[in-house]
Amino acid sequence: MSAIRSHSRYKNRRTLSGTFLSLLFVLGLAAPSMGGGQGLATEYVVLMCVDGIRNLECFKNADASPLGETPSYHPYIPRIWSEMAPTGTLYSNCVTTEASFTTPGFHTLITGDYQAGPNRARRENFGFFDNRAEAPSIFEYFKKATGRTAWGVINKKNSLLADYSVHPMGGKDLGANFVFVDPGRGANRYQSDTEVFSAVVQVIEDEQPDLMFINYGAVDLSGHSGSHDTYVQAIQSADTYVADTWQLLQSSPKYQGKTTLILTTDHGRHSDAYGGFASHGGMCPGCRDLALLVIGPDTPEGQVVSRRTYQNDVGSTIGRFMGFETPFATGRILEEAFGLPAQEHILLSRKPFAASEGDSNVFMALERRRNGKQQMHVGISRDKGETFTAALNLSSFDGSEYASVAKDPLLLVNRRNGTDLLQAFWLDLADSEGRWELKHRLADLTQFQQGAELSFNEEVMIADSIFEGERVTAGLYNTGLILQTPHVVSTRGPNGRREIVVTAGQRFTMGFRFSDNAFADGGQGNTQSMFPTERFFFYEPHMATSDKQDLYVVWRDIFSPVWTDLNGDSILDPLHNWDVFFSSSNDGGETWTLPAVRITRSLGATLHPCIALAPIEGLTKQHQLFVVYSDQDSNGIYQIYMRRALLASGGGTPISFTPAVAMTQSTVGAWYPQILVDRPISGNGIHLVYTDFAHGNGDILYRFSDTGDQFSPPLNLSDSPEISQKPTITVMDDGRKFVAWESILDGTGRSAIRHKSFTQVFPEVERE
């Protein structure tokens, strides 16, 4: 079981510069290794993070000579530069594509999957934040594979919650043991790496870990001081501790010649044009430019890799070195670190989103990684989703340095002036400076319905991220606005039909983009509004609409605390955790009801909210809302819960929400619910799909109700040993259901899209 250890026993240990500690002989009495990938000399891995060093002062310092040339002196990191870098592989073009904060940066490194979340520590003056990764970590994979516990030494509160994830296939019992070195306040925290190194020496002596995470955090703390001298001094100190740690490992009978070290950082710092070294957190080049060096017995010496690599590549690479699988990691293995040429990863498909038109036509959007680029594709079926044509690539790339990632695809089928339209939306990192843009393409289905090929117009940008220092009159912080997780609906607006895209921001805001002409004007005439609330963080917005101007939106937020006794002292403490919130609009999104309604109040993280609106049979002006989400039950196991609300006559604000009802009884955990209400010719239908991890992988289950009072027994749609997750559902006009999902093919995270269409609810499938 993971634990957070006090740092007090690790104080007052001297560094190893010059003379080594007498503990080295103890390291020869190591326990047998449980690690090591097949055919590799590596048996142990150390992931080391120099927190918040700007790569300009690290491997890209303008005053330093190129690696491998003379003189090989570096003014800030002389020992890393001369003693370590020439013996390993340097990745000179590693970036994070997301906002550059400490907490999500750590979570991305250890999971191999980008993890959005606020940059909040475990304990702050104004409360306790429980903000864990949502994909399993390398520590959990490692312990599940070997039975051994990983160790970490850290001095940033932001990383206290990196020891284990909330994923149903992870958890506290599989987590790492972390030693926390409290940096304190004032000037002493700028020297806290001294105590971190002392703790590292002690953990190596006492525990001899096979997998270890080390964070030297004083560089980031010193950068925030605003003093360049203090910042540089912290870098130079970190240089000593990093080199001494590597020297210690290479002088140990256990670790020598069998250890790979991955040296990196959680984030960079602002480029000088965007505020300089004193801060970070946005999308500017300096913040997202990361140091990455791999050293070990399997890694070529003196190799410099210039291809674009990503922060989430680290987790899957560690799994390859240690011989354990990382199925939920979305990064790719850094092949050059194994002496291999970079591979073209083609069959990686994720995040399906389905829509249908008429009785037969089904469209499916997905992320697809091809030849090193992650693109937005649309598959087309004319036979009720039984077969699909080759997917169309809707995302284009301009050849810029950042133009390689598209994500979060959406589709919307709606009718305007008697014409059926297919609209596609996605987030695209296609700006030459590397900011996220919300893209849109439109297809008129008239000719397609007559047998012609589907044709989209040119893509347009309808919203973009805000760089640091831009639009300060909007009241935004200097960390900018980072677009995340959009959702789209069509409703009645002041001028007839209206499309509304809701997009969560990385910090402080949720934005809406409106169009009364299907964005046909190239985005020029669109209006934008920000949700008027002071909540801290929006994520996973999901919207429902009536045929009028009524809109309903749910999202998850970590700002408002639950007051509970955390310490057993009968004093209530503010616990900040993910909860679901709700708001509505009666004028097509122009204004919203405030304050927002809190749907959940949980001591665990509440995730994946989804909302749908259904008319009540026989009452033409009465509707009810369905909100589903993932939350922990009394045993700490994630289940799917549902709450309903009756709407007043004519729509509007809900009268009240019913108590939560558990829709699952999983023994391991249920995630990713999607609820859909359709109005097919055959009658009303309420459809629920979700992922259940009860069988040790992930199964896609389906339930149906005609009124919402009683649901059918779950139908297993996937019934496969593959890990199936993130389902999407659409229903054709004749009542036929189409469900697609992401299927993880093996332990390296390779994924494909599976799908199934069916006409009726079958008896529950029993599984041996």
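For the pair R643/V661, no side-chain contact is recorded, criterion being any heavy-atom separation below 4.5 Å from C-beta on. The shortest distance between side-chain heavy atoms of L551 and I500 falls below 4.5 Å. The shortest distance between side-chain heavy atoms of V362 and M732 falls below 4.5 Å. Side-chain contact between L421 and L442 is present, with at least one heavy-atom pair separated by less than 4.5 Å. Inter-residue side-chain proximity for L613 and T545 is flagged as unmet; no heavy-atom pair is nearer than 4.5 Å. Under the 4.5 Å side-chain criterion, counting only non-hydrogen atoms from C-beta, R754 is not in contact with V739. Using a 4.5 Å cut-off on side-chain heavy atoms (C-beta onward), I686 and F711 make contact. Under the 4.5 Å side-chain criterion, counting only non-hydrogen atoms from C-beta, I640 is not in contact with Y672.
D579 and T606 get closest at one heavy-atom pair: OD1-OG1, 3.7 Å. Scanning both residues, L161 and N131, for their nearest heavy atoms gives CD1-N, 3.1 Å. Between Y114 and T330 the shortest heavy-atom distance is N-OG1, 4.4 Å. Heavy atoms only, all atoms of each residue included: L701 and P714 are closest at CD1-CB, 4.1 Å. Contact detail for A354 and T728: the closest heavy-atom pair is N-OG1, 3.1 Å. Between A424 and L394, the closest heavy-atom pair is CB-CD1, 3.6 Å.
A donor-acceptor pair under 3.5 Å is absent between the side-chain atoms of S743 and the main chain of A752, judged by distance alone. In this structure, K737 contributes its side chain and T759 its backbone to a donor-acceptor pair below 3.5 Å. No donor-acceptor pair closer than 3.5 Å links the side chain of E742 to the backbone N or O of S349. Remark: side-chain polar atoms of S602 are not paired, donor with acceptor, to backbone N or O of A605 under 3.5 angstrom. Judged by distance alone, the side chain of T593 and the main-chain N or O of S584 form a donor-acceptor pair under 3.5 Å. Between the side chain of T658 and the main chain of R644, a donor-acceptor pair closer than 3.5 Å is present. With hydrogens and angles disregarded, no donor-acceptor distance shorter than 3.5 Å links the side chain of T691 to the backbone of G698. Remark: side-chain polar atoms of S712 are paired, donor with acceptor, to backbone N or O of F704 under 3.5 angstrom.
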TODO: Evaluate side chain to side chain contact (heavy atoms under 4.5 Å, CB included) for E499 paired with F514, printing each intermediate quantity in order.
DONE: CA-CA 6 Å; E499 287 76 28; F514 307 97; over 6 Å; no
TODO: List the steps, then state whether side-chain hydrogen bond (donor to acceptor under 3.5 Å, both in side chains) holds for Q549 with N586.
DONE: CA-CA 6 Å; Q549 299 184 39; N586 303 137; over 6 Å; no
Open item on the list: Please evaluate residues D408 and K351 with respect to the criterion salt bridge (Lys or Arg N to Asp or Glu O under 4.0 Å), reporting the C-alpha separation (whole Å), side-chain torsions for both, the decisive distance (0.1 Å), and the verdict.
Closed with: CA-CA 7 Å; D408 295 338; K351 291 186 179 179; 2.8 Å; yes
TODO: Tell me, with the steps shown, if V378 and M364 meet side chain to side chain contact (heavy atoms under 4.5 Å, CB included).
DONE: CA-CA 5 Å; V378 173; M364 182 168 57; over 6 Å; no
Task: Verdict with supporting geometry, W426 and K439, side chain to side chain contact (heavy atoms under 4.5 Å, CB included) - done: CA-CA 5 Å; W426 70 96; K439 293 295 185 67; 3.5 Å; yes
Open item on the list: side-chain hydrogen bond (donor to acceptor under 3.5 Å, both in side chains), that's the test. Do T111 and D113 meet it? Break it down for me.
Closed with: CA-CA 5 Å; T111 63; D113 182 36; 5.5 Å; no
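Outside the 6.0 Å centre-distance limit, the rings of F353 and F425 are not counted as a close aromatic pair. Aromatic ring centres of F581 and Y539: separated by at least 6.0 Å. For H608 and W671, the ring centers sit closer than 6.0 Å to each other. Between F758 and Y702, the gap from one ring centroid to the other is short of 6.0 Å. Less than 6.0 angstrom separates the ring centroid of F512 from the ring centroid of W592.
Within a 6.0 Å radius of CG in D709, more than 12 heavy atoms belonging to other residues, nucleotides or ligands are found. The environment of CD in Q449 is crowded: more than 12 heavy-atom neighbours from other residues, nucleotides or ligands sit within 6.0 Å.
With Q639 as reference, T664 is the one residue of D692, T664, D631 to meet the side chain to side chain donor-acceptor pair (under 3.5 Å) rule. The only option from Q725, E722, R350 that meets the side-chain contact (heavy atoms from CB on, under 4.5 Å) definition with I744 turns out to be Q725.
With respect to D428 and K407, no salt bridge is recorded, no charged nitrogen being found less than 4.0 Å from a carboxylate O. Looking at E134 and R556, a side-chain N of the basic residue comes within less than 4.0 Å of a carboxylate O on the acidic one, giving a salt bridge. We find that R498 and E590 are joined by a salt bridge, their nearest charged nitrogen and carboxylate oxygen being less than 4.0 Å apart.
Both tests pass for R132 against the ring of Y164: distance under 6.0 Å to the centre and angle within 45° of the axis.
Using cut-offs of 30° and 60° for the angle between ring planes, the F519 and H440 rings count as tilted. Classification of the H167-F328 ring pair by plane angle, with boundaries at 30° and 60°, yields tilted.
For R736, the side chain to side chain donor-acceptor pair (under 3.5 Å) partners at least two apart in sequence or on another chain are E386, S757.
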